[in-house]
Amino acid sequence: MRPTYPSYSDDEIARFCTNIADAARDRRYALQAEELKQLQAQVDSRLKALEEKRAEYETWLKRREVFLARAEEGVVKIYADMKPDAAAERLAVVNTDLAAAILMKLDSRKAGVILNEMDAKAAAVLTGIMASAARRV
């Protein structure tokens, strides 16, 4: 035997739906507000993690820049203390941009003597790089 259910008219069903519509809407808004709060909390925690990473990277970058500046000073001093013919020979085999950067940091007389000791083509390439770098600055 099947259970029997009371029959409702369309008018009664419409009134019931109208009566609970505000409560259902309020509940839906409350659920959405709670979900938004959770999402905001997730966003805030991710922003905090990103900010911590950014600070960590900035610290690392500053340490790296200090290290490179020290290393650069050391390399320039090494080439400044070398005999011009030995420095020319060494600079001829390193990366041309690096060689030009080192020469630009040296005293102009010392750089001129080193360039004079170099192969004419290599000296011309380095001079071109140094001139273009000086224009950019």
Side-chain angles (χ1 to χ4, degrees):
M1 188 149 125
R2 292 175 56 193
T4 58
Y5 296 104
S7 64
Y8 296 103
S9 69
D10 289 342
D11 187 44
E12 290 174 314
I13 294 171
R15 272 185 300 174
F16 175 78
C17 291
T18 303
N19 289 339
I20 67 164
D22 289 339
R25 186 176 28 249
D26 291 345
R27 179 66 181 144
R28 193 169 44 249
Y29 289 155
L31 289 173
Q32 288 174 345
E34 183 61 33
E35 188 176 334
L36 286 174
K37 285 180 187 176
Q38 291 173 358
L39 289 173
Q40 184 64 47
Q42 290 175 0
V43 167
D44 289 344
S45 69
R46 287 183 182 180
L47 283 174
K48 182 180 177 187
L50 283 173
E51 185 62 32
E52 289 171 358
K53 281 290 183 190
R54 186 189 61 77
E56 181 182 326
Y57 286 134
E58 283 181 357
T59 302
W60 179 85
L61 186 61
K62 285 178 186 174
R63 286 189 0 230
R64 180 181 179 273
E65 287 172 355
V66 167
F67 171 78
L68 289 176
R70 286 182 188 155
E72 184 178 293
E73 291 169 11
V75 169
V76 171
K77 183 161 176 27
I78 289 169
Y79 279 94
D81 293 343
M82 289 176 106
K83 291 183 181 178
D85 59 335
E89 184 181 320
R90 301 306 182 286
L91 288 174
V93 295
V94 300
N95 177 294
T96 55
D97 290 338
L98 176 60
I102 291 170
L103 286 170
M104 287 180 73
K105 297 266 183 179
L106 289 174
D107 174 66
S108 60
R109 287 188 181 167
K110 179 74 173 186
V113 173
I114 292 172
L115 283 169
N116 191 45
E117 292 290 329
M118 288 184 136
D119 172 66
K121 285 184 180 180
V125 168
L126 290 175
T127 302
I129 292 171
M130 290 166 32
S132 67
R135 268 185 264 138
R136 277 186 252 151
V137 174

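Residue numbers start at 1 and run along the sequence shown.
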Ignoring hydrogens, what is the shortest heavy-atom contact between [X] and [Y]? Give both atom names and the distance.
X      : Y      : result
Ile129 : Asp97  : CD1-OD1, 3.7 Å
Ala123 : Met118 : CB-CB, 4.2 Å
Thr96  : Val125 : CG2-CG1, 4.3 Å
Tyr79  : Ile114 : O-CD1, 4.3 Å
Ala88  : Glu117 : CB-CB, 3.6 Å

**Message:** Walk me through whether Lys105 and Ile102 qualify under side-chain contact (heavy atoms from CB on, under 4.5 Å).
**Reply:** CA-CA 5 Å; Lys105 297 266 183 179; Ile102 291 170; 5.9 Å; no

**Prompt:** With sequence neighbours left out, which residue pairs that include part of residues 119-130 fulfil the salt bridge (Lys or Arg N to Asp or Glu O under 4.0 Å) condition?
**Reply:** none

**Request:** Assess whether atom NZ of Lys110 is packed by more than 12 heavy atoms of other residues, nucleotides or ligands within 6.0 Å.
**Result:**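 Yes, the 6.0 Å shell around NZ holds more than 12 heavy atoms from other groups.
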
**CD/Glu56: more than 12 non-hydrogen atoms of other groups inside 6.0 Å** = yes

**Message:** With a 4.5 Å cut-off on side-chain heavy-atom distances among I, L, V, M, F, W and Y, is there a chain of contacts connecting Val113 to Met82?
**Reply:** no

**Request:** Might you work through the salt bridge (charged side-chain N to carboxylate O under 4.0 Å, His left out) test for Glu58 and Lys62, ending with a clear yes or no?
**Result:** CA-CA 6 Å; Glu58 283 181 357; Lys62 285 178 186 174; 5.2 Å; no

**Item:** Test: Glu73 and Lys77 ion pair at under 4.0 Å
**Value:** no

Rounded at 0.5 Å granularity, tell me how far [atom1] in [X] sits from [atom2] in [Y].
X     : Y      : atom1 : atom2 : answer
Asp44 : Lys37  : CG    : NZ    : 13.5 Å
Glu51 : Lys53  : CD    : NZ    : 13.0 Å
Leu91 : Leu103 : CG    : CG    : 5.0 Å
Leu31 : Glu34  : CG    : CD    : 8.5 Å

**Request:** Using atom types as modelled and distance alone, determine if a side-chain donor or acceptor of Arg90 lies under 3.5 Å from a backbone N or O of Ala86.
**Result:**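 Yes; at least one donor-acceptor contact below 3.5 Å.
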
